[in-house]
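First comes the structure, then the notes that go with it.
This is a predicted model, so every value here is computed, not measured. In what follows, every heavy atom counts, from backbone to side chain, and hydrogens, waters and symmetry copies are set aside.
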Amino acid sequence: MSNPTLVVENLQTHFPTEKGIVKAVDGVSFEVGRGEVLGLVGESGSGKSITGFSILGLVDPPGKVVGGRILFQGRDLVGLPPHEMRKLRGHKIAMIFQDPMMTLNPVLSIGTQMVETVLAHENVSVKEARARARDTLGMVGIPSPEERLSAYPHQFSGGMRQRVAIAIALLHRPDLIIADEPTTALDVTIQSQILAQIQALSRDLGMALVWISHDLGVVAGLAHRIAVMYAGRVVESGPTDHVLDYPVHPYTIGLLQSVAANAPRGAPLRAIPGMAPSPLNRPSGCAFRTRCSFATPICENEPPLDDAGSMAWRCFHPQARRVA
Amino acid sequence: MTVFIIRRLSQSLLVLFLTSIIVFAGIYAIGNPIDILIAGDATPAEREQAIRALGLDRSLIEQYGTFVWNALHGDLGRSFVFNQPSIDLIFNRMPATLELAFVALALSLILGIPLGLWAGLKPGTALDETVMTGSILGFSLPNFWQGMMLIMIFSVWLGWLPSTGRGEVGSVLGIHTSLATWSGLTHLILPAVNLALFNISLVIRLTRSGVRETMPLDFVKFARAKGLSERRIVSVHVLKNILIPIVTVVGVEFGSLVAFAIVTETIFAWPGMGKLLIDSIMRLDRPVVVAYLLVVVTLFIVINFVVDLLYSLLDPRIRLGSAS
Amino acid sequence: MTPLIEAAHVSKRFVRDLDYAERIARFLGADLKPQTVHAVDTVDLKVMPGEVVGLVGESGCGKSTLGRMLAGIMPQSEGTILWNGQDRRTLVGRPAREARLAAQMIFQDPMSSLNPRKRVIDIVGEAPVAHGIVPRREKDAYVAGLMERVGLDPSYRERYPHQFSGGQRQRIGIARALAVKPQFIVCDESVAALDVSIQAQIINLFMDLRRELGLTYLFISHDIGVVKHISDRVAIMYLGRIVESAPAEAFFAQPNHPYTVALLNEVPTIANRRRVFSPIKGEIPSPLSPPSGCHFHPRCPHAFERCRREAPKLQEIAPGHISACHLNDTSSTQPRPEAVAAF
Amino acid sequence: MTAIALRKPSSDTLVGRALNGLLKSPKATIAAVICLLLLLTALIGPWLAPQDPYDLMQISIMDAKLAPGSESMSGGTYWLGTDGQGRDMLSAMIYGLRTSLAVGLVSGIVALGIGTTLGLMAAYFGGRVDTLIMRLVDLMLGFPTILVALMLLATIGQGVGKVMFALVLVQWALFARAVRSAALIEKSKEYVEAAACLDLSKPRILFGHLLPNCLPPLIVIGTLQVANAISAEATLSFLGIGLPITEPSLGLLIANGYEVLMSGQYWISVYPGLLLVLLVFSINIVGDRLREVLNPRLER
């Protein structure tokens with residue numbers, strides 16, 4: 001990619017706790033370009049959400065970005081002063097959260113919550129801001145947007161609230177959107193509506209989209225490229241078809257084999273044995289080696305980043321096999 | 001909303017009804033009402049006459065009816081000591097008590113909310129620790145002893161402020177208040193501070209725990225992701241949410257202030273209805289006690305009702321009815 | 001063959017009457033009515049011995065309520081639940097208790113389904129001892145045996161639930177259900193809260209237990225991939241009603257009901273890359289005021305006049321394949337929904 | 001798994017969790033030690049006090065209103081001075097502490113017992129029983145406790161038993177409300193459904209499963225209410241409608257010094273007051289810490 005919107009290089013976000021340092025994100029690298037959708041995939045505790053919050057500088061204390069670079073349109077966001085960061089948030093970089101029931105303030109009207117977002121970044125009249133809010137609500141498929149501006153969140157269904165959150169994210173036509181599992185809490189038919197909306201919007205508006213999810217199916221349908229995270233690292237990344245059809249990293253292979261829909265009906269699933277290591281006490285070297293059937297003593301060393309064409313991985317024993 | 005008002009209104013009436021029964025039972029059913037309603041030095045003939053006059057020879061239900069009927073007409077008996085209608089006595093003393101309670105309430109909000117916000121936004125710091133320990137001390141100090149110490153320090157030792165009584169009362173916008181004169185003000189300071197201290201602590205704790213519960217919520221993070229300033233997030237998003245519980249508790253606590261004014265008024269010889277109550281209890285002037293009880297209960301019910309209305313106005317989920 | 005358990009015309013209504021204040025408000029002219037939710041609306045469902053029935057639906061469709069009634073946690077408002085052909089309510093004494101214990105449930109939330117104040121040994125061992133299935137002095141060995149069977153280290157039996165991971169907690173829940181020797185197990189979204197790699201382990205455990213103990217399952221899930229993998233037969237619910245039921249092969253090969261078709265089309269799968277999502281329109285209606293006639297008609301691309309008026313009945317369209325759609329009565333003039341490629 | 005191994009075994013039980021939490025905070029540890037010391041002092045008070053302040057043989061009116069450190073007629077030292085009757089303040093305070101603590105603890109524990117039973121009943125039976133109990137609770141909590149106790153005592157008169165009765169009456173509702181709301185939350189959890197599915201008996205579910213999970217808020221409120229009760233009793237006694245003059249608590253001692261406070265004999269009020277504050281403050285600090293550790297969501 002010649003001029004990617006976002007480049008994340010060896011990002012490290014750590015949480016000092018009483019019991020030791022939790023390395024929630026420990027060496028994450030990826031990039032996204034204009035109009036591109038990157039699927040950031042991982043299981044719970046893999047650090048995918050913390051990665052998203054790190055980009056916006058919204059990691060909860062005591063968590064802190066301790067290493068790496070986050071280049072947004074060529075500018076490093078790590079160490080940017082808070083007021084500079086605030087100017088970017090909601091303006092050039094927007095975020096959509098997981099639980100639509102929790103993301104809107106219950107005691108403020110939708111209009112207030114949208115208008116304040118416009119006014120936070122642009123010096124326009126309240127009237128103009130309201131008009132923009134109304135138009136954006138209409139854009140995400142909310143019927144009679146003018147009336148809905150004076151409604152409160154509890155008057156909306158979960159799917160509608162997520163549309164409102166998306167509309168708020170789109171108010172300033174950002175160049176980058178970070179979406180943190182925005183359809184996980186929704187039903188299948190509603191999820192499908194939101195996905196269709198997002199797909200059309202990202203195509204029409206040409207923004208870069210980082211879609212964080214644990215659901216390989218959602219990412220398969222949406223993303224151009226996929227980055228797979230395990231224990232705070234991206235272990236494999238590449239074009240969607242490559243990662244899903246010819247995965248290289250044993251973890252990706254195991255993950256794909258665990259998906260019930262992928263396996264022959266009724267046959268035992270080829271589950272990954274054991275469970276993800278505690279972030280306080282990860283194995284040295286490759287964190288996956290304790291669950292990996294290909295592991296050898298060399299895996300106790302730090303696996304280097306290898307690549308072939310558009311694929312990249314961190315593994316001493318890259319496989320080449322068709323899964324799906 | 002209508003349902004809400006009807007429910008609260010009927011509950012209030014129920015409480016009033018129950019209280020009237022309890023008061024009635026207290027004076028008419030337990031013990032000999034003649035001792036309560038007729039001065040001790042009456043002759044047997046006078047007693048006979050009084051029994052008939054008061055209808056004490058009739059059935060309990062009839063007597064209750066008479067009691068309620070008289071009460072509704074403002075007739076709650078005559079004070080033995082002052083030989084005037086007890087309700088007049090109460091109403092004469094009421095402004096002084098209400099003034100004290102209002103000033104104390106204002107003090108607790110003006111000091112309590114900022115201190116609570118301050119502590120809640122910096123949890124775990126020395127400042128938070130100090131404010132919180134101070135607030136525990138605040139509601140550990142027995143009100144009466146604390147009043148004595150205030151007198152000892154500021155009146156006896158330092159001689160800065162008068163120790164007892166109410167100063168001159170001036171008039172502002174037709175309201176008679178001590179706040180209008182210098183002498184009134186100096187007399188008001190110590191009792192008001194004494195009465196407020198407990199509630200300041202309460203408001204601090206409520207605000208702090210509200211802030212601590214609200215800050216980690218998704219909508220606050222989302223507000224940050226929109227690029228709002230921290231100032232707007234705290235003063236609009238967080239404050240409006242925690243104002244709802246604060247208003248409720250403070251409303252109820254106003255009743256508490258009126259009740260605790262009994263102690264403060266006794267110590268500072270403040271001529272309010274609380275001091276009147278204690279004097280009347282000591283002098284066995286029971287009609288005044290009865291009148292006090294009914295007036296105060298009515299006052300509480302009115303306050304609680306107003307608070308409920310305020311609460312429902314603040315919270316759109318109640319104002320507009322819940323969606324789910 | 002007698003079904004192991006059968007729901008016959010079973011309904012569950014949740015009624016919320018107006019309280020006194022609301023009645024006064026209505027008297028004053030407010031528009032208030034008692035609210036009735038038909039969580040489950042006249043459902044018939046048979047589960048044969050040894051069968052795994054998958055029950056699929058979106059939130060609020062009543063699938064959990066139906067599962068709870070079959071597990072005996074919740075009484076039905078109407079209809080009968082037959083255990084081995086006998087009305088469960090007519091059973092008394094020992095057979096009644098045996099029937100109650102024979103139907104167990106595995107819950108969704110691996111945290112809240114275990115009592116946080118009890119150790120594993122008591123969580124698993126309390127019921128079998130209380131019911132005299134094992135003597136108290138054999139409790140320890142009995143629990144150890146169950147823990148091994150579900151893949152837990154028996155030396156952890158003195159631990160509390162919070163000391164285990166989500167997957168392990170779900171295994172404890174399974175051991176607790178197995179402890180009273182059930183024949184029928186309701187799994188209510190039992191793997192929904194788990195990560196994919198852990199999900200696979202638990203699904204394998206369910207299938208192993210079925211083979212070894214001859215268990216019968218009602219597998220409730222919103223995850224069609226999981227249901228497809230594990231079920232012999234699939235039933236699909238929409239707003240309190242079963243709209244289609246068929247043997248798994250037929251269900252996924254020739255879905256009949258437009259809702260089933262829409263659902264299967266829209267489930268994101270790994271096989272479907274960079275697809276264009278073409279969702280069905282509309283929200284899931286509130287079960288408080290379901291649409292008239294066929295509940296699905298406002299969202300159905302093929303709806304016609306009759307769908308608004310009349311609720312379609314379930315009818316057999318192929319052996320063992322039933323569906324409730326008026327399209328099945330009309331000739332080929334109506335467009336047929338298209339079957340999907342993904343499943 | 002490793003995170004699990006790090007836990008101390010004692011933190012599994014409620015008491016262990018509470019103790020661990022207390023010991024982690026130096027402030028709370030000191031407060032807890034003070035509470036224990038004061039309790040011990042109260043228990044062995046009669047052996048500890050220099051004189052029995054209510055044995056008329058041991059006191060002399062000649063010793064009245066002596067300043068702290070004065071020598072008595074009989075040669076001893078009044079470290080904290082004497083009151084208007086010539087009683088040794090230190091001894092009077094030790095006896096007062098006994099009364100205050102006894103009233104606070106007994107009324108708190110009785111209220112806890114009654115409140116818990118009624119609260120559990122309300123949550124468990126629901127319907128009419130619930131409505132009736134909760135209406136009563138609302139009625140009780142709708143009025144400031146001090147007012148209710150004041151009115152009650154003004155009607156029935158003074159006495160240790162009567163004060164305890166009044167304090168129980170104003171406190172039980174708090175416990176009932178807390179237990180009920182905790183039990184309702186617990187009741188909706190799946191482990192209760194699981195217990196029902198396993199056909200366990202209702203008493204077993206109620207007392208074996210529900211009640212243990214409702215304990216944390218009870219422990220916290222219980223602690224704070226003991227402090228509250230001690231404070232309330234002192235206030236009532238100060239107002240002259242609490243304990244009779246023959247069984248003086250700390251509140252009554254303070255009241256005795258009220259008239260002479262202006263004339264400079266501060267010690268008669270100040271020392272018992274300080275002791276009272278120390279007692280109530282320490283209990284509140286412990287209670288506050290327990291709330292943080294056991295973390296039930298409570299107001300204040």
Side-chain angles (χ1 to χ4, degrees), chain A residues 37 42-46 157-160 183 186-200 213-224 240-241 244-245 251 254-276 278 291 323-324, chain C residues 52 56-61 165-168 191 193-205 207-208 221-232 248-249 252 259 262-284 286 299 342-343:
Chain A
V37 181
E43 296 184 286
S44 52
S46 63
S157 69
M160 282 298 165
T183 60
L186 303 174
D187 278 309
V188 174
T189 53
I190 307 301
Q191 163 171 281
S192 187
Q193 295 170 355
I194 299 282
L195 288 175
Q197 197 89 53
I198 284 280
Q199 203 172 39
S213 181
H214 71 281
D215 190 333
L216 286 165
V218 169
V219 172
L222 198 65
H224 300 94
T240 301
D241 287 340
L244 295 181
D245 292 337
Y251 172 67
L255 197 61
L256 284 163
Q257 284 173 337
S258 293
V259 177
N262 262 3
R265 226 171 65 75
L269 296 168
R270 294 175 60 186
I272 305 175
M275 52 192 174
S278 150
R291 301 171 78 187
V323 176
Chain C
V52 179
V56 180
E58 294 180 280
S59 59
C61 73
S165 70
Q168 288 174 319
V191 296
L194 306 174
D195 272 321
V196 178
S197 65
I198 307 299
Q199 219 174 47
Q201 296 172 358
I202 300 293
I203 291 172
N204 284 347
L205 175 62
M207 296 201 298
D208 291 347
S221 180
H222 70 279
D223 187 332
I224 293 172
V226 171
V227 169
K228 183 191 176 193
H229 185 77
I230 201 169
S231 308
D232 301 318
E249 297 284 348
F252 290 103
Y259 176 61
L263 207 58
L264 294 184
N265 265 332
E266 283 164 54
V267 174
T269 61
I270 292 171
N272 263 334
R273 306 288 157 71
R274 294 292 302 152
R275 53 184 287 221
V276 175
F277 293 91
S278 50
I280 47 169
K281 60 193 186 221
E283 305 256 317
I284 302 170
S286 157
R299 306 175 73 192
F343 281 95

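Of the two parts of C:Leu194, neither the backbone nor the side chain holds a non-hydrogen atom closer than 4.5 Å to a non-hydrogen atom of chain A. With a threshold of 4.5 angstrom between heavy atoms, A:Gln197 does not approach chain C through any atom at all. Of the two parts of C:Gln201, the backbone and the side chain both hold a non-hydrogen atom closer than 4.5 Å to a non-hydrogen atom of chain A. Contact of C:Ser231 with chain A is made through the backbone alone, with heavy-atom distances under 4.5 Å. Contacts between C:Ile280 and chain A at a heavy-atom distance below 4.5 Å involve backbone atoms as well as side-chain atoms.
From A:Ile272, atom CD1 reaches atom CD1 of C:Ile198 across 8.0 Å, with rounding to the nearest 0.5 Å. Atom OG1 of residue A:Thr189 and atom CZ of residue C:Arg299 lie 4.0 Å apart, to the nearest 0.5 angstrom. Rounding to the nearest 0.5 Å places CD of A:Gln191 at 9.5 Å from CD of C:Glu266.
When all heavy atoms of A:Met275 and C:Ser165 are compared, the pair lying nearest together is SD-OG, 3.2 Å. Residues A:Ala267 and C:Met207 approach most closely at O-CE, 3.6 Å, considering heavy atoms.
Inter-residue side-chain proximity for A:Asp187 and C:His222 is flagged as unmet; no heavy-atom pair is nearer than 4.5 Å. Looking only at side-chain heavy atoms (C-beta outward), C:Ile270 and A:Leu256 come within less than 4.5 Å of each other.
C:Asn204 places a side-chain N or O within donor-acceptor distance of the main-chain N or O of A:Leu269, the cut-off being under 3.5 Å. At distances below 3.5 Å, not a single donor-acceptor pair connects side-chain atoms of C:Glu283 with backbone N or O atoms of A:Ser157. Between the C:His229 side chain and the A:Pro268 main chain, no donor and acceptor come within less than 3.5 Å of each other.
Across A:Ser192, A:Gly45, A:Ala196, A:Gly158, the residue that shares the most heavy-atom pairs under 4.5 angstrom with chain C is A:Ser192. Of the listed residues A:Val259, A:Leu255, A:Leu186, the one with more heavy-atom pairs under 4.5 angstrom with chain C than any other is A:Val259.
Residues meeting the salt bridge (Lys or Arg N to Asp or Glu O under 4.0 Å) test with C:Glu249, sequence neighbours left out: A:Arg265.
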